[in-house]
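Remarks on the structure that follows.
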Amino acid sequence: MRRLVVPVLLVLLLTGCAGTPQSREAGSTAVVSVLGAEPAGEDLRLLAAAEGRGEKDPFRCDSLGATPAAAVEGLINQGEQVVSCAHVEHLVLARSAVGHLPALLSYAFQEPQQSTETQLWVVRTDTLESAFSEKADVAKRMTVVKAQGKNRQRFYPLTLRQAAAALARGEALLIPALDIGEQGLSFAGYALYQGGHIIRWLTEQQALGASLLLGERVHWTGSGERGALLLQSVGCRVKAQWEEGRLCGLTLRCRLEGVPTGGWTGDGAELTRLEEKTAQEMLQAMKTLQGAGTDAAGLLGRAGLSSPFRWKALSEQWQETFPVLPVQIAVDITVAERQ
């Protein structure tokens, strides 16, 4: 029965956990914004949370059942409280539940009411207990994380729509990963997902490198010996290298714009060191993808743009050559003049 966790969650996600029975007051409805799922032995555990409003405490409930029907019934019947999941913004999976992702996405697009913009996350623990504890306002915390993603602070969120499109093409996924700390859930990098499993974690500087490989327009603060720059990526070009019709390498060029902050007084040498550091972070992420033998950053399509007349040869050689391709990465930073 464990493999049915994700389809059950998607039913909640699409149609709402429950309507409002006539025997209950409309004001007692709790509108859930965060859903979590984790296995619990032979049973299923579903967790739901809504942000505390005003003087009200955060709402949290969970259910445990030997069958999906029993778990759902336990979730929607919380005494006098009606639990509505019609406006879920985040679907958070424990790492032990990621094997259900294909079933989740397959079921999702059979339902006309599906919110395909719901954001998908994986937590780097096998249980969500501490994140959904009575003291933790997990919904409020995820509002903060969502704002960080919306502002593209080092990463860009993944939606169910994007995940489904990638898996339909047989591609691996870089799923935004979360850690549980003193302040609750926070962005921790990416989970490299393929074939129903997480095969690598990209954290810390590799996470930033992965965001840049993806070509996302993220921003972060780059520190030097003399101050700091607020950096924003403005594009990452991928160019294939050829030798007598054989794919022999890749060249990546990432362009960044920097705004002085934190007393930046760096000269050309300082800027060069920051460019080299960023390129090294991208190269570390690239080596992780190559070591796993999977192009989760979508480099093939972008390399094809640089060799449109060699697309057939490129696509035919890519799977075999990608893990061993020599890669050169260059980063160019343009610093805005002080006003």
Side-chain angles (χ1 to χ4, degrees), residues 1-14 34-49 62 64 68 71 88-109 114-132 138 142 145 149 155-180 185-203 206-207 210-211 214 285 288-289 291-298:
M1 302 299 291
R2 185 176 300 175
R3 294 189 61 81
L4 295 176
V5 174
V6 174
V8 171
L9 275 176
L10 211 33
V11 172
L12 302 177
L13 193 67
L14 302 178
V34 181
L35 280 176
E38 63 182 22
E42 296 300 320
D43 290 337
L44 308 177
R45 190 180 191 200
L46 309 180
L47 304 98
D62 65 85
L64 199 66
V88 172
E89 297 179 358
H90 306 279
L91 180 58
V92 180
L93 303 180
R95 66 182 179 187
S96 54
V98 295
H100 306 298
L101 184 57
L104 185 157
L105 296 174
S106 175
Y107 191 93
F109 286 86
Q114 168 63 32
S115 174
T116 59
E117 298 307 305
T118 297
Q119 294 180 4
L120 178 64
W121 307 87
V122 58
V123 179
R124 297 202 305 158
T125 59
D126 288 327
T127 176
L128 302 176
E129 180 59 34
S130 59
F132 282 78
V138 64
M142 288 306 296
V145 176
F155 75 100
Y156 193 69
L158 178 71
T159 65
L160 296 184
R161 171 181 53 80
Q162 292 168 326
L167 293 190
R169 295 191 296 265
E171 300 173 354
L173 279 175
L174 285 169
I175 305 176
L178 301 168
D179 269 339
I180 305 175
L185 294 171
S186 60
F187 175 70
Y190 293 95
L192 179 55
Y193 170 93
Q194 186 177 43
H197 304 281
I198 294 174
I199 57 178
R200 298 285 194 282
W201 296 95
L202 291 85
T203 60
Q206 280 196 46
S211 293
L214 285 164
T288 297
L289 298 184
T294 183
D295 174 19

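- Between L120 and Q162, the closest side-chain pair of non-hydrogen atoms is not below 4.5 Å.
- For the pair L192/L174, a side-chain contact is recorded, criterion being any heavy-atom separation below 4.5 Å from C-beta on.
- Note that OG1 of T294 and CG of L173 are 9.0 Å apart. Values are rounded to the nearest 0.5 Å.
- Heavy-atom minimum distance, P157 versus G149: CD-O, 3.6 Å.
- Summarising the geometry, atom CG belonging to L35 is positioned 12.0 Å from atom CG belonging to D62; distances are rounded to the nearest 0.5 Å.
- Q206 and A285 get closest at one heavy-atom pair: O-CB, 3.5 Å.
- Considering every non-hydrogen atom in both L47 and A37, the closest pair reads CD1-N, 4.3 Å.
- Within the 4.5 Å cutoff, no side-chain heavy atoms of F132 are placed close to those of E38.
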>> Using the rule given for side-chain contact (heavy atoms from CB on, under 4.5 Å), can you reason through I180 versus L185, listing the C-alpha separation, both sets of side-chain angles and the distance that settles it, and then say yes or no?
In response: CA-CA 5 Å; I180 305 175; L185 294 171; 3.5 Å; yes
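- Taking 4.5 Å as the limit, some side-chain heavy atom of F155 sits within range of a side-chain heavy atom of V145.
- Between Y193 and V122 there is no side-chain heavy-atom pair separated by less than 4.5 Å.
- R161 approaches E117 most closely through the heavy-atom pair NE-OE2, 2.7 Å.
- Note that the CD1 atom of I198 and the CZ atom of R124 stand 10.0 Å from one another [nearest 0.5 Å].
- Here the shortest heavy-atom pairing between Q194 and A172 reads CB-CB, 4.1 Å.
- We find the CD1-CG distance between I175 and L93 to be 7.5 Å, quoted to the nearest 0.5 Å.
- Annotation for P176 and L158: closest pair CD-CB, 3.6 Å, computed over non-hydrogen atoms.
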> Can you list the steps and then say if Y190 with T288 is a side-chain contact (heavy atoms from CB on, under 4.5 Å)?
Replying inline: CA-CA 12 Å; Y190 293 95; T288 297; over 6 Å; no
